[in-house]
Protein chains: 2
Amino acid sequence: MPASFGRYVRRRREALRQQDSAYSVRQLAQRIGVEPSYLSKVERDEEAPPSEEKIVRLAGELGEDPDVLLAMAGKVSSDLKRIILARPELFSTLIRQLKDLPDRAVSRVVREVRDGKW
Amino acid sequence: MPASFGRYVRRRREALRQQDSAYSVRQLAQRIGVEPSYLSKVERDEEAPPSEEKIVRLAGELGEDPDVLLAMAGKVSSDLKRIILARPELFSTLIRQLKDLPDRAVSRVVREVRDGKW
DNA sequence: TGGAGTGTGTAGTATACACTACACAGCATG
DNA sequence: CATGCTGTGTAGTGTATACTACACACTCCA
């Protein structure tokens with residue numbers, strides 16, 4: 001099973017808290033715009049992960065990649081969705097083709113596209 | 001604006017209905033597993049599109065690409081989601097890179113990956 | 001002319017999502 | 001010893017999702 005969202009957030013927050021008292025549940029909750037008790041429950045996986053917007057803000061505060069944090073919450077960023085929805089046949093085919101390729105191969109595609117004259 | 005989900009389904013169903021009386025609201029609804037009145041409202045865009053499962057069955061009945069029909073409903077197939085969620089950094093980067101490339105270029109990537117020795 | 005099939009209107013429901021509001025106990029420190 | 005901060009428990013809320021159940025009017029045709 002993948003590391004749970006809440007557990008992961010709690011670890012990150014507590015790590016930052018060592019250096020910076022601004023990372024209490026209360027203060028962090030305030031900065032991302034939720035109630036402390038809610039964040040507390042989320043961190044203990046007693047509540048489901050919050051909305052995309054809050055997760056993105058959380059990622060910002062924790063210095064994490066929003067896409068990765070969203071993934072831990074089982075969500076795909078809505079901007080990625082929009083890209084796929086704009087050309088569903090193309091992207092569906094491509095993504096399914098890449099499904100079983102190793103990371104190295106996918107990375108290579110990423111690089112080729114970035115550098116390339118496609 | 002994109003063709004609405006309901007309108008599109010209705011057109012498809014009515015087209016098939018010309019040749020085959022099995023494409024009444026009632027019969028089609030039964031085959032996909034919903035109430036006729038619900039399908040009727042969906043087709044008139046009075047109700048939001050149904051769940052992924054029903055849309056996939058609908059696509060099957062109408063001879064449409066499930067991914068395309070799902071896209072019209074603003075949904076990304078859950079199996080695609082799972083693929084992305086398994087490797088969020090990689091797929092997020094790739095998809096964003098492909099965002100502004102023309103269809104031709106994306107198709108080319110699709111072909112290269114299909115044929116290629118990646 | 002009545003029985004089957006057509007689409008549709010009204011009303012209601014169960015579940016999930018994404019939270020808030022408030023209270024409370026424990027610790028620390030000035 | 002009280003003030004302030006820590007995390008957390010309980011209860012409730014508004015909105016969306018994804019439908020069902022039933023009834024009604026109309027048309028076709030045997």
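Letters A, B, ... mirror the listed sequences (proteins, then strands); counts begin at 1. Since the model is a prediction, treat every value here as computed from it, not as a measurement.
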Nearest-Å distance for atom pair CG/C1', residues A:Leu58 and C:dA18:
15 Å
Could you tell me whether B:Glu47 contacts a base, only the sugar-phosphate backbone, or nothing, with contacts defined as non-hydrogen atoms closer than 4.0 Å?
base
Tell me if a side-chain donor or acceptor on A:Arg57 pairs with a main-chain N or O of A:Glu53 at a distance below 3.5 Å.
no
Going 5' to 3' along DNA chain D, which nucleotides are the first and last within contact of chain A (any atom under 4.0 Å from a heavy atom)?
D:dT6 to D:dA11
How many whole angstroms separate atom CG of B:Leu39 from atom C1' of C:dT8?
12 Å
Does B:Arg12 count as lying over the ring of B:Tyr23, i.e. NZ or CZ under 6.0 Å from the six-ring centre, within 45 degrees of the axis?
no
Using atom OH of B:Tyr23 as one end and atom P of C:dG5 as the other, report the distance to the nearest whole Å.
19 Å
Criterion side-chain contact (heavy atoms from CB on, under 4.5 Å) on B:Leu58 and B:Phe5, from CA distance to verdict:
CA-CA 12 Å; B:Leu58 202 45; B:Phe5 180 85; 4.1 Å; yes
Please determine if a side-chain N or O atom of A:Lys54 lies less than 4.0 Å away from the OP1 or OP2 oxygen of C:dT20.
no
Under the 3.5 angstrom rule, does the side chain of A:Arg13 hit a backbone N or O of A:Glu43 as a donor-acceptor pair?
no
4.5 Å side-chain heavy-atom contact, A:Asp67 and B:Arg96
yes
Rounded interatomic separation in angstrom, taking CD from B:Glu14 and P from C:dT6
13 Å
Determine the minimum heavy-atom distance between A:Pro66 and A:Ala59, stating which atoms define it.
CA-CB, 3.7 Å
Near DNA chain D, which residues from residues 24-37 of chain A have a heavy atom under 4.0 Å away?
A:Ser24, A:Val25, A:Arg26, A:Pro36, A:Ser37
Approximate separation, where rounding is to 0.5 Å, of B:Leu94 CG and A:Leu98 CG
6.5 Å
State whether B:Arg17 places a side-chain N or O below 4.0 Å from either non-bridging phosphate oxygen (OP1 or OP2) of C:dG5.
no
Among B:Val34, B:Ile32, B:Val42, find the one that has a side chain to side chain contact (heavy atoms under 4.5 Å, CB included) with B:Pro50.
B:Val42
